[in-house]
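Quick caveat, the model's predicted, so the values are computed rather than measured. Lettering follows sequence order; numbering is per chain, from 1.
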Protein chains: 2
Amino acid sequence: MLEEDLEVSEDPNIHLNYYQKEDQVLLAVDCIIFGFDKENLKILLIKRNFDPEKGKWSLIGGFLKKNEDLDQAAVRVLETLTGLNDIYLEQLHTYSKIDRDPGQRTISVAYYALIDVDSHRFDGIQIDSAHWFDVNEAPDLIFDHNEMVRKAKARLKRRALTKPIGFELLPEKFTMRQLQNLYESILDKELDKRNFINKINSLDVLVKLDEKDMSVSRKGAYLYVFDKDKYQKKVEEDGFIFKL
Amino acid sequence: MLEEDLEVSEDPNIHLNYYQKEDQVLLAVDCIIFGFDKENLKILLIKRNFDPEKGKWSLIGGFLKKNEDLDQAAVRVLETLTGLNDIYLEQLHTYSKIDRDPGQRTISVAYYALIDVDSHRFDGIQIDSAHWFDVNEAPDLIFDHNEMVRKAKARLKRRALTKPIGFELLPEKFTMRQLQNLYESILDKELDKRNFINKINSLDVLVKLDEKDMSVSRKGAYLYVFDKDKYQKKVEEDGFIFKL
DNA sequence: TGTTTTAAGTGTGCATTGTACACGTGTAAA
DNA sequence: TTTACACGTGTACAATGCACACTTAAAACA
């Protein structure tokens, strides 16, 4: 904020137009929506039904409005297009290449979201043109959205190793196998079952229920829930770090 | 980007005004500039000489212009105010609280920069009102700049553990003690000298010179340089990760 | 010239964590 | 009752992390 850029109004209490000479820009929000269906990591994309790039696959997005901050804009976009709210959202990066949107100069702030595919019913306005893709089989996207997805995958990988965000992608009750499938999808590598379970158990933040999921094996698999309160108490009291 | 938000021009080749109805905003860039003087981690702040918040300490910043992207804006701001270019810069986070700048609605993209305090001569226009503060003794800052600094410190801590960015803060030639001082400042904890040196040497990316720094001890301490080419070769060929 | 002072430089042993690895069990379906 | 299938469980070895103390080189000083 250089001095030369300023144009100060007479009355310092009138907090308007301090920076009148500056260029203004359009600010968009784009969301990388990750989902998990208990087997594979997915990403939600929509087919653009307007120009530019009509008919191509795209992240969902929208523009920042005057009366909201970026987090609120991301929540609004997510809710408008999918009907979902109360979703895990994290700001990722801001993209600003001059020609990134051929329609008009637009800066985009990317967010990524984590949701459990099966526990939510979609009823957003765009849901007919939306589709879940396996995260490794997603089509080519418009603008710099491919780069956003790449960065989101990398971020998710890092976060999942040090924060218990994986549970955002699972239903409240889940089996060890589902949790392992999730981590294998996120980390994009196979894990050893016994080592994985030992590791998870050593963290001591899951509660094993007396209930089994009989849908996959004849023997059935015990269900677990993530004890969020216990986790947070450990973080606050001992500086505990969830580390896989 | 909702359909209702659009106003498409007649000729799809005229790539202008696709999103005419949308609100535009001011986009600022603010830089957290970390420096190291071979002893302590520092941060560069300036005393604001214009309203609002005139006379208070602040990060350096500026506004995004039409003909540049954010990375370029950050470089420009840094060069204008300090005379320095070719500096390590990384985008940190975008801040958008509605009243964050009481002067006018402004969204700010924070960047952090790493420079070696002693190797650079400052000749930027603002340098008379700028001052290096010990990172733990910095004064209260305007707006949400304290929060930006907090986040930058956390990011630097994480990055320094997995990327060789520490060398950006040191002169080309440095002693093991200086490197250890740097990491102790960044991580904000004391390290064991032998374990530190063993760890660094096991990474095998430093070259020990036949030259000593005699300025601190009578015995003198060997100087080292970071072998960037060797590091990059290891990264590309073996997926090597610099991990402290 | 030798004595003192100061930071530099160096290695080992124990504890913790990571990782590879295989078999018996419970249940439903045939 | 047999079969098929995923579930659930423990150990041994390797690698890494971490605590820990003395000798050395050179300048300053007596």
Counting distance only, does the side-chain N/O of S96(A) pair as donor-acceptor with the main-chain N or O of I107(A) below 3.5 Å? no
Hey, can you pull the residues of residues 237-244 of chain B with a non-hydrogen atom under 4.0 angstrom from DNA chain D? none
Residues 166-173 of chain A side chain polar contacts: donor-acceptor under 3.5 Å, at least two apart:
| unit_1 | atom_1 | unit_2 | atom_2 | d |
| --- | --- | --- | --- | --- |
| K173(A) | NZ | E211(A) | OE1 | 3.0 |
| K173(A) | NZ | E211(A) | OE2 | 3.2 |

Expected string for nucleotides 20-30 of chain C under the B/S/- scheme (protein heavy atoms, under 4.0 Å, primed atoms plus P, OP1, OP2 as sugar-phosphate) is BBB-BBBBBS-
Give a yes or no on whether Y222(B) atom OH has more than 12 heavy-atom contacts from other residues, nucleotides or ligands under 6.0 Å away. no
Can you measure R177(B) atom CZ to dG9(C) atom P for me and round it to whole angstrom units? 10 Å
note: L179(B), atom CG; dA8(C), atom C1'; distance rounded to Å ~ 15 Å
For the CG atom on D238(B), are there more than 12 heavy atoms of other groups (residues, nucleotides or ligands in this structure) within a distance under 6.0 Å? yes
Please give, in whole Å, the distance from dG18(C) P to F196(A) CZ? 14 Å
Could you check whether atom NZ of K56(B) has more than 12 heavy atoms from other residues, nucleotides or ligands sitting under 6.0 Å from it? no
Cationic N near anionic O, under 4.0 Å, D204(B) to K230(B): yes
Tell me whether K97(A) at atom NZ has more than 12 heavy atoms from other residues, nucleotides or ligands lying less than 6.0 Å away. no
Grab the CG-P distance between L203(B) and dT16(D) for me, whole Å please. 11 Å
Expected output: side-chain Q91(A) to main-chain D71(A) donor-acceptor under 3.5 Å: no
Nearest whole angstrom, please: distance from the P of dA7(C) to the CD of Q180(B). 14 Å
